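This report concerns only the one structure given below.
In what follows, every chain begins at residue 1, and chains take the letters A, B, ... in the order their sequences are listed. Not measured: the values here are computed from a predicted model.
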Amino acid sequence: MSNGSISLALESSSSLFTKILHYTRSKNLPKGQSLHAHLLKTGSSSSCIYLSNSIVNLYAKCHRLSDAHLAFQEIQSKDVVSWNCLINGYSQLGRRDSSLSVLNLFKLMRQENALPNPHTFAGIFTSVSTLGDSFTGKQAHCLAFKLGYLSDVFVGSSLLNVYCKAGHYLGDARKVFDEMPERNSVSWTTMISGYALQRMVKEAVGVFSVMLWERGEVVNEFVFTSVLSAIALPEFVYVGKQIHCLSLKNGFLWAVSVANATVTMYAKCGSLDDACWAFELSSEKNSITWSALITGYAQNGDCEKALKLFSEMHYCGMNPSEYTLVGVLNACSDFDALREGKQVHGYLLKLGFEPQMYILTALVDMYAKCGNISDARRGFDYLKEPDIVLWTSMIAGYVKNGDNESAMGMYCRMLMEGVMPNELTMASVLKACSSLAALEQGKQIHAHIVKHGFNLEVPIGSALSTMYAKSGSLHDGNLVFRRMPARDLVSWNSMMSGLSQNGCGTEALELFEEMLHEGIRPDYVTFVNILSACSHMGLVKRGWSIFKMMSDEFGIEPRLEHFACMVDMFGRAGELYEAKEFIESAASHVDHGLCLWRILLSACRNYRNYELGAYAGEKLMELGSQESSAYVLLSSIYSALGRLEDVERVRRLMNLRGVSKEPGCSWIELKSQFHVFVVGDQLHPQIIHIRDELWKLSKLMKDEGYKPDFDLCLELEGVID
DNA sequence: TTAGGGTTAG
């Protein structure tokens with residue numbers, strides 16, 4: 001026997017007990033284990049239930065549940081504390097499997113006729129809320145009530161947490177809360193964060209105020225963090241500011257968790273200056289504080305500041321967490337900042353971050369959104385079993401890069417591998433169908449949506465109505481739109497665009513009026529749709545007044561798209577000189593000029609106003625247009641005017657600038673197969689029959705008296721070929 | 001003289 005063991009052997013059981021307690025609190029497992037060995041050797045633990053329970057507790061608190069279980073089984077006559085030590089050990093792990101073990105242990109405990117006490121129920125309710133099992137929660141609630149334990153503040157608070165976490169049971173939660181004979185900081189925090197989770201700001205702040213009224217002070221930092229987390233909308237920022245000031249007044253400047261919640265609160269409300277102020281003010285910053293401000297900037301569209309802050313964080317010697325990296329990668333995605341994104345990628349590899357699922361997803365998303373789809377795919381292929389978020393990122397990436405066929409292919413592969421889509425997946429796939437105008441596939445996706453039990457909420461409802469509308473099925477598009485339980489601005493905009501693109505300008509304008517009537521504030525996209533509808537309908541006056549209304553009433557500055565719609569509107573109506581004046585008053589930017597003069601040039605061709613057409617064409621030459629159609633049209637106009645020198649000059653300019661005509665291309669989907677045709681190609685297997693049919697059609701046209709318009713068809717072989 | 005509840009960042 002060593003000296004240490006001799007001294008242990010001589011110790012009284014009360015001193016042994018103090019030691020176990022100390023090792024348990026300090027989570028000193030090795031010391032605890034040697035003490036346990038000593039107790040087994042001397043047999044002193046079996047004679048004393050306090051000591052044996054404490055050993056179970058020691059292992060449970062050190063997260064060694066299998067050892068705790070063994071020690072528990074060694075106890076001959078278990079009491080309620082023995083059960084509680086084990087039950088609470090499992091429940092405190094906070095995992096799904098351990099919570100299920102708790103429920104099994106509770107069943108065993110009842111079979112062995114051991115009577116649970118309030119301590120037992122605290123563990124039971126904690127596990128039930130981890131599992132989100134409100135049915136078992138209700139049963140345990142009844143039992144606790146029957147046993148008269150609900151007056152215990154621990155039981156009440158943990159039960160409160162069951163109902164708060166279940167979301168739909170907030171009414172039950174409030175009832176439990178109101179009926180508690182005693183409430184403390186934990187009960188307040190639980191009730192407040194229950195409301196915060198459901199974004200019920202007024203209720204959360206209400207409970208906070210009642211607490212202030214009853215207690216006269218805020219007891220700890222947790223109450224502040226939970227109430228601040230409820231505030232995430234600009235209209236409540238003034239309440240947030242009051243609570244922030246109160247936290248400073250009550251001396252919580254030291255609490256980094258309060259500072260983090262404050263920065264997050266301001267950022268979510270869109271008050272970035274205040275978020276910055278709270279950030280500077282915090283006496284201690286951790287990676288969460290930095291993350292909160294970085295993602296705040298990213299989510300409010302100031303990605304440049306987010307990236308700058310990230311490098312500042314690096315220079316301050318603060319290492320980023322996974323969250324910071326995900327936040328900054330998302331900023332790169334939104335900012336189209338591939339170079340910076342690659343730097344962050346390199347940096348995280350250097351810091352030794354393993355490519356875990358969410359970092360990998362952020363990387364795939366960043367590469368895809370920044371247009372580097374092949375690197376995105378490499379990241380995707382890295383994982384053997386990608387989860388639904390990663391699949392969706394990859395599918396959305398293909399859609400964003402215009403490769404809708406690959407997006408559809410990925411979706412089919414995903415289904416074959418047995419991965420269930422979520423609503424974002426469905427929205428992306430529907431977008432691919434819209435772009436392909438693939439109605440049949442779109443209908444199949446609609447069937448999947450019904451089959452998987454998704455409802456027509458945004459974004460699925462919006463994407464589905466857009467798919468139908470863009471594929472020409474306006475009736476179905478409208479049906480989906482009307483059946484959506486709630487519509488956001490994007491839903492209205494896409495329905496309007498579907499109507500406008502399919503020649504239903506009047507209906508688009510009616511929808512616009514309806515939207516204003518419902519109090520939805522239009523954005524710049526709305527006005528693009530509406531101006532385009534006016535242009536197609538020839539409603540010049542209406543268009544003018546809407547164009548003015550956009551900036552005067554809604555404070556939206558006109559963008560290139562709006563100017564283009566206006567020029568198109570004048571052009572279609574034959575008001576060519578109005579269009580010219582409009583361009584000259586609006587086109588201060590090169591890009592604007594290039595687009596606007598090009599529209600006028602086409603309109604001049606349609607109305608055979610060659611003088612003005614030549615004027616617009618020369619403007620395009622001055623601005624260095626790279627569009628082949630501009631050169632072809634201008635030279636044909638000069639030819640029609642008999643100005644052959646100018647024809648030659650424009651041709652030379654086109655060659656000099658290396659502008660070449662892209663061959664025309666069209667495609668059609670027949671029986672799930674795409675047939676693609678490019679000018680001059682003979683690749684289609686049925687090309688002979690197709691040409692035969694075309695020849696018959698043109699003969700029919702001639703017989704009916706249609707004559708081709710040769711006015712602007714030139715001997716441009718040298719240019720076009 | 002052993003055992004219990006709540007909080008912030010993506």
Side-chain angles (χ1 to χ4, degrees), chain A residues 13-14 16-18 20-21 24 45 48-58 60-61 68 72 75 79-89 91-92 102 116-127 129 149 152-162 164-165 180 183-194 196-197 219-230 255-265 267-268 282 285-296 298-299 320-331 356 358-359 361-362 365 389:
Chain A
S13 78
S14 82
L16 282 172
F17 177 75
T18 317
I20 297 182
L21 208 66
T24 307
S45 67
C48 171
I49 187 72
Y50 292 115
L51 278 177
S52 25
N53 285 344
S54 299
I55 291 295
V56 176
N57 193 39
L58 164 84
K61 288 291 179 303
F72 172 78
I75 304 174
D79 67 358
V80 62
V81 179
S82 330
W83 286 97
N84 289 346
C85 289
L86 197 59
I87 283 180
N88 290 311
S91 86
Q92 282 160 5
V102 168
N117 71 7
H119 288 256
T120 327
F121 277 95
I124 300 302
F125 287 136
T126 304
S127 297
S129 75
Y149 295 156
D152 183 291
V153 68
F154 284 81
V155 176
S157 299
S158 54
L159 173 62
L160 188 59
N161 196 36
V162 170
C164 282
K165 289 284 146 47
M180 283 170 79
R183 285 188 282 258
N184 62 16
S185 67
V186 177
S187 343
W188 297 110
T189 312
T190 311
M191 195 64 241
I192 292 172
S193 43
L197 266 178
V219 270
N220 61 24
E221 70 271 30
F222 299 140
V223 183
F224 273 118
T225 51
S226 49
V227 73
L228 285 167
S229 77
V256 69
S257 63
V258 177
N260 294 347
T262 310
V263 173
T264 311
M265 180 274 293
K268 284 193 173 158
S282 62
K285 295 179 187 66
N286 59 19
S287 84
I288 298 175
T289 332
W290 287 89
S291 278
L293 196 58
I294 289 172
T295 46
Q299 282 166 358
S321 68
E322 289 91 333
Y323 294 112
T324 327
L325 291 165
V326 170
V328 83
L329 282 170
N330 288 341
Q356 298 135 314
Y358 43 94
I359 288 194
T361 306
D365 205 53
V389 183

Of the nucleotides [options], which one has an atom closest to the side chain of [X]?
{"X": "A:Asn57", "options": "B:dT2, B:dT8, B:dA9", "result": "B:dT2"}
{"X": "A:Asn53", "options": "B:dG4, B:dT2, B:dG6", "result": "B:dT2"}
{"X": "A:Tyr50", "options": "B:dA9, B:dT2, B:dG5", "result": "B:dT2"}
{"X": "A:Ser158", "options": "B:dG5, B:dG10, B:dT8", "result": "B:dG5"}
{"X": "A:Thr189", "options": "B:dG6, B:dG10, B:dG4", "result": "B:dG6"}
{"X": "A:Val326", "options": "B:dT2, B:dG10, B:dT7", "result": "B:dG10"}

Strictly below 4.0 Å: does [X] bring a side-chain N or O up to OP1 or OP2 of [N]?
{"X": "A:Gln92", "N": "B:dG5", "answer": "yes"}
{"X": "A:Asn161", "N": "B:dG6", "answer": "yes"}
{"X": "A:Lys165", "N": "B:dT7", "answer": "yes"}
{"X": "A:Asn88", "N": "B:dG4", "answer": "no"}
{"X": "A:Lys61", "N": "B:dG4", "answer": "yes"}

Are the side chain of [X] and the backbone of [Y] linked by a donor-acceptor contact shorter than 3.5 Å?
{"X": "A:Asn84", "Y": "A:Ile87", "result": "no"}
{"X": "A:Asn286", "Y": "A:Thr289", "result": "yes"}
{"X": "A:Tyr323", "Y": "A:Ala292", "result": "no"}
{"X": "A:Asn117", "Y": "A:Thr120", "result": "yes"}

List the atom of A:Asn88, the atom of A:Ala122, and the distance in Å for their closest heavy-atom pair.
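Scanning both residues, the minimum pair turns out to be OD1-C, 4.4 Å.
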Rounded distance in Å - [atom1] ([X]) to [atom2] ([N]):
{"X": "A:Trp188", "N": "B:dG5", "atom1": "CH2", "atom2": "P", "result": "21 Å"}
{"X": "A:Gln299", "N": "B:dG10", "atom1": "CD", "atom2": "P", "result": "6 Å"}
{"X": "A:Phe222", "N": "B:dG6", "atom1": "CZ", "atom2": "P", "result": "11 Å"}
{"X": "A:Asn84", "N": "B:dG5", "atom1": "CG", "atom2": "C1'", "result": "14 Å"}
{"X": "A:Leu197", "N": "B:dT8", "atom1": "CG", "atom2": "C1'", "result": "12 Å"}
{"X": "A:Tyr149", "N": "B:dA3", "atom1": "OH", "atom2": "P", "result": "18 Å"}
{"X": "A:Leu86", "N": "B:dT2", "atom1": "CG", "atom2": "C1'", "result": "14 Å"}
{"X": "A:Phe72", "N": "B:dA3", "atom1": "CZ", "atom2": "C1'", "result": "12 Å"}

Ring centres within less than 5.5 Å and planes less than 30° apart: is that true of A:Tyr323 and B:dA9 in this structure?
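According to the criterion (under 5.5 Å, under 30°), no, A:Tyr323 does not stack.
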How many angstroms lie between CG in A:Asn184 and OG in A:Ser157, if you round to the nearest 0.5 Å?
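Reported to 0.5 Å precision, the distance equals 5.0 Å.
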Distance-only donor-acceptor test (3.5 Å): side chain [X], base [N]:
{"X": "A:Asn184", "N": "B:dG6", "value": "no"}
{"X": "A:Ser157", "N": "B:dG5", "value": "yes"}
{"X": "A:Asn117", "N": "B:dG4", "value": "no"}

Using a 4.0 Å heavy-atom cut-off, does [X] contact any base of the nucleic acid, only the sugar-phosphate backbone, or nothing at all?
{"X": "A:Asn260", "result": "base"}
{"X": "A:Val155", "result": "base"}
{"X": "A:Glu221", "result": "nothing"}
{"X": "A:Ser185", "result": "base"}
{"X": "A:Tyr358", "result": "base"}
{"X": "A:Thr264", "result": "sugar-phosphate"}
{"X": "A:Val153", "result": "base"}

Are A:Phe72 and A:Trp83, when compared by the centres of their aromatic rings, separated by less than 6.0 Å?
yes
